[in-house]
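What follows is one structure encoded as structure tokens, with my remarks underneath.
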Protein chains: 2
Amino acid sequence: MPRKMLKKRAGPHNSTRTLKGVIDEETALKLSELFKALADPTRVRILSALRNGEACVHEITAAVGMSQSAISHQLRYLRNLRLIKHRRQGRHVYYQLDDAHIRDLFNRGLDHVKHG
Amino acid sequence: MPRKMLKKRAGPHNSTRTLKGVIDEETALKLSELFKALADPTRVRILSALRNGEACVHEITAAVGMSQSAISHQLRYLRNLRLIKHRRQGRHVYYQLDDAHIRDLFNRGLDHVKHG
DNA sequence: TGTTTATATGAACATATATTCACATAAATA
DNA sequence: TATTTATGTGAATATATGTTCATATAAACA
């Protein structure tokens, strides 16, 4: 018997339905941590700066227009979550997105903001 | 002349390259606000509870295992950002994801957390 | 109409977080 | 080796944020 056919109950809502598909706490925490990395304007701008390839810290700093220290802190944050990777070349350190996954996620969010 | 052919410069890095494609501050803010909505374990679990369709507040509350007040606050948060929509039926208020976009974004993040 | 059930909300509080400041490390050059 | 350039980092601080508590609204029922 489909749900829609059930006679509308009066009185207290005796819901026996247990919601299915709620993710467990640990997964929820990890997922929220991933999104948290994208939940700050400075980090978003850093990531957007890396969409087209790698860039070194002072290029990123100039592009984002924030103090080098702030940028470094955020780069570390993103690095710890493996959203970006880096390589050293002499005095410079070049950063880039860790994989296409991240770019996708970013672009999908951007899409939603711009349209829809 | 391709970049790779340029002789490696010594001395201070006189970078004339201006990073292309950095999104503007306003877009960055909006984008970060979108991701911020997904950047909390409780909100993540609420959204996951709504992946399979609508649910009313006390169903969500039971599923997520948090106080009704906390859930209501977070529902309002998600509502204000238009990530969910609601309809009232008698004493109950049913919530559901606002559109497929949101589900996609959520699932994509979840994918990244579970695998690669 | 008074009570119960369902949901919403403001204020308070504790915690998390982003930036700044001062300084540390590291590599290249004079 | 002393200095300059590039980047990293700990502590401090101000602000943002999530939950709780008390209470409000709203609908249904006795």
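Because the structure is predicted, anything quoted here is derived from the model rather than measured.
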Output yes when at least one side-chain N/O atom of [X] is less than 4.0 Å from OP1 or OP2 of [N], else no.
| X | N | value |
| --- | --- | --- |
| B:Arg76 | C:dG10 | yes |
| B:Lys36 | D:dA16 | no |
| B:Ser69 | C:dT7 | no |
| B:Arg91 | C:dA8 | no |
| B:Arg79 | C:dA8 | yes |
| B:Gln74 | D:dT17 | no |
| A:Arg43 | C:dA18 | yes |
| B:His92 | D:dA27 | no |

Please report the distance, rounded to the nearest Å, between [atom1] in [X] and [atom2] in [N].
| X | N | atom1 | atom2 | result |
| --- | --- | --- | --- | --- |
| B:Arg45 | D:dT19 | CZ | P | 12 Å |
| A:Gln89 | C:dA28 | CD | C1' | 13 Å |
| B:Leu29 | D:dA16 | CG | P | 12 Å |
| B:His58 | D:dA27 | NE2 | C1' | 14 Å |
| B:Ile46 | C:dA8 | CD1 | C1' | 14 Å |
| B:Leu75 | C:dA6 | CG | C1' | 13 Å |
| B:Leu38 | D:dG18 | CG | C1' | 16 Å |
| A:Tyr94 | D:dT7 | OH | P | 8 Å |

Which residue lies more 5' along DNA chain C, comparing A:Tyr77 with A:Arg88 via nearest heavy atoms =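 Here A:Tyr77 is the residue nearer the 5' end.
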Donor-acceptor contact below 3.5 Å, side chain [X] vs main chain [Y]:
| X | Y | result |
| --- | --- | --- |
| A:Ser72 | A:Ser69 | no |
| B:Arg87 | B:Tyr94 | no |
| B:Arg45 | B:Val64 | yes |

Would you check if A:Leu83 and A:Tyr77 make a side-chain contact, meaning some heavy-atom pair closer than 4.5 Å?
-> no
Take atom CD of A:Glu25 as the centre, draw a 6.0 Å sphere, and report whether it contains more than 12 heavy atoms from other residues, nucleotides or ligands.
->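 No, not enclosed.
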Among the candidates [options], find the nucleotide nearest to the side-chain atoms of [X].
| X | options | answer |
| --- | --- | --- |
| B:Ala70 | D:dT19, D:dG8, C:dT7 | D:dT19 |
| A:Tyr95 | C:dA18, D:dA6, D:dG8 | D:dG8 |
| B:Val93 | D:dT9, C:dA8, D:dG8 | C:dA8 |

Using a cut-off of 4.0 Å on non-hydrogen atoms, how would the nucleic acid contact of A:Ser67 be classed: base, sugar-phosphate, or nothing?
->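 Result for A:Ser67 = sugar-phosphate.
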Relative to the ring of B:Phe35, is the ring of A:Phe35 parallel (under 30°), tilted (30 to 60°) or perpendicular (over 60°)?
-> parallel
Nearest nucleotide by nearest heavy atom, which residue falls closer to the 5' end of DNA chain D, A:Gln68 or A:His73?
->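 Comparing both residues, the 5'-ward one is A:Gln68.
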